[in-house]
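Read through the structure below, which is laid out as structure tokens, and then see the notes.
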Amino acid sequence: MTHQVRAVVARGKGAPVSLETIIVPDPGPGEALVKIEACGVCHTDLHYREGGINDDFPFLLGHEAAGVVESVGEGVTDVAPGDFVILNWRAVCGQCRACLRGRPWYCFDTHNAQQKMTLASTGQELSPALGIGAFAEKTLVAAGQCTKVDRAASAAAAGLLGCGVMAGIGAAINTGNVGRGDSVAVIGCGGVGAAAIAGSSVAGAAKVIAVDIDDRKLVTARKLGATHTVNSKETDAVEAIRELTGGFGADVVIEAVGRPETYQQAFYARDLAGTVVLVGVPTPEMKLELPLLDVFGRGGSLKSSWYGDCLPSRDFPMLIDLHLQGRLDLDAFVTETIALDEVEKAFERMHGGDVLRSVVVL
Ligand SMILES: [Zn+2]
Ligand SMILES: [Zn+2]
């Protein structure tokens with residue numbers, strides 16, 4: 001059996017997305033069919049549409065989603081029909097060199113569905129964004145891409161853990177190892193940076209300094225746990241962070257912009273032996289220049305955070321529990337809820353400073 005559903009598709013480079021009918025097969029071995037309830041609009045979706053990731057058009061967009069498992073294929077035991085799940089793009093393989101060494105959050109061979117979803121009109125195979133494709137009434141994924149969480153959370157908030165919010169929280173708690181009493185600075189307070197602030201706060205950081213050039217984002221940062229804010233258009237970010245940390249710099253500085261200039265700020269705003277975490281995504285032409293003597297002399301560690309070094313099976317249920325206890329405000333990331341045919345409009349709004357996430361609710 002197959003399912004005909006409505007979905008948001010990017011047909012060609014730079015062209016506006018369109019609402020299309022797609023065909024979703026029943027789950028085969030190791031796969032799950034998920035009825036999507038909500039899916040956030042992420043920069044990566046726009047990046048796919050602009051041809052910035054690869055040229056495998058048409059893309060089925062959407063990847064920050066939560067929904068309910070409708071059916072599962074042969075051999076699937078971890079999730080069952082009726083489970084409320086967050087979709088992830090790190091369904092660990094258990095076999096690669098990272099998994100075998102007990103570090104599955106680095107898995108280098110993550111799983112996606114084997115069967116293809118297709119465009120009803122032309123029969124063309126779709127490339128699902130990050131192996132998910134959730135701007136759709138239903139999608140087909142590898143069962144390992146479904147992580148069961150407490151149904152009490154709203155789908156709009158829960159789905160955001162599937163990508164950007166997890167990347168930010170994980171950059172703080174997993175990659176940066178932020179702990180009780182640490183001082184943290186976060187440079188760039190968009191969706192990911194704001195999540196890094198919330199993550200640092202929930203991890204027990206004593207000082208959380210939010211840095212951005214947009215005052216509106218700094219207001220949101222305060223709501224999510226920032227104890228200090230710095231507008232780096234008006235003030236030198238490095239000096240301001242040092243001043244706020246007794247002249248030394250922060251224990252952990254999280255770079256959530258992905259540019260050489262802000263990376264350099266992060267590097268010098270860090271205390272000796274501190275940690276820099278790069279979670280902002282750079283573009284291919286960017287180059288970083290730093291005096292090697294400073295890299296050596298200042299010690300500590302310079303790390304990159306990919307998907308917040310998360311392990312969905314460990315992190316998603318835990319973060320949803322913290323959210324339901326009132327300790328992690330995931331609802332604050334949902335700026336607006338929109339319909340499936342409003343994704344293109346959400347892309348346009350993305351460049352304004354007032355949207356953390358637009359979330360499609362089905
Ligand atoms: Zn693996
Ligand atoms: Zn994303």
Side-chain angles (χ1 to χ4, degrees), residues 8 10 17 30 36 38-50 52-54 59-67 78 86-112 127-136 139 141-145 147 155-171 188 190-196 199 256-258 279-283 304-316 319 330 333-335 338 343 346-347 349-351 355-360:
V8 176
V17 297
I36 301 299
C39 182
V41 183
C42 175
H43 276 96
T44 305
D45 293 305
L46 180 58
H47 217 51
Y48 272 108
R49 195 207 72 172
E50 287 172 346
I53 300 206
N54 59 50
F59 291 110
L60 171 56
L61 299 182
H63 61 275
E64 299 189 344
D78 287 351
I86 299 173
L87 300 183
N88 72 71
W89 42 274
R90 183 170 277 153
V92 300
C93 75
Q95 309 289 328
C96 73
R97 61 197 189 282
C99 285
L100 290 176
R101 297 188 72 197
R103 299 169 182 173
W105 49 89
Y106 296 136
C107 179
F108 301 126
D109 192 19
T110 52
H111 288 168
N112 296 127
S127 308
L130 293 171
I132 292 178
F135 289 145
T139 193
V141 291
Q145 291 182 269
T147 309
L160 299 185
L161 279 181
C163 183
V165 172
M166 184 68 248
I169 294 176
V192 173
V257 181
V279 66
V281 185
T283 55
S304 305
S305 186
W306 218 70
Y307 204 179
D309 289 335
C310 79
L311 183 60
S313 59
R314 176 194 64 193
D315 296 339
F316 290 2
L319 292 170
L330 293 176
F333 291 90
V334 183
T335 310
I338 58 171
V343 171
F347 283 153
R349 284 199 64 189
M350 219 169 232
H351 302 293
V355 179
L356 279 184
R357 275 295 187 269
S358 305
V359 180
V360 172

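All ligand and atom numbering here is 1-based and tracks the order in the structure.
If you put the vertex on the Zn ion (ligand 1), SG of C96 and SG of C93 sit 110° apart, to the nearest 10°. Seen from the Zn ion (ligand 1), atom SG of C99 and atom SG of C107 lie 110° apart in angle, a value rounded to 10°.
Inter-residue side-chain proximity for F347 and V17 is flagged as met; some heavy-atom pair is nearer than 4.5 Å. No side-chain heavy atom of H63 sits less than 4.5 Å from a side-chain heavy atom of C39. Side-chain contact between I36 and L87: present, with at least one pair of heavy atoms (C-beta onward) separated by less than 4.5 Å. Counting heavy atoms from C-beta outward, D109 and Q95 have side chains that stay 4.5 Å or more apart.
For a distance threshold of 2.8 Å, the protein N, O or S atoms nearer than that to the Zn ion (ligand 2), listed by chain and number, are C42 SG, H63 NE2, C163 SG.
The minimum heavy-atom distance between A346 and I338, with the atom names listed, is CB-CD1, 3.8 Å.
We find the CH2-SG distance between W89 and C310 to be 7.5 Å, quoted to the nearest 0.5 Å.
Few gaps surround CZ on R314; more than 12 heavy atoms of other groups in view lie less than 6.0 Å from it.
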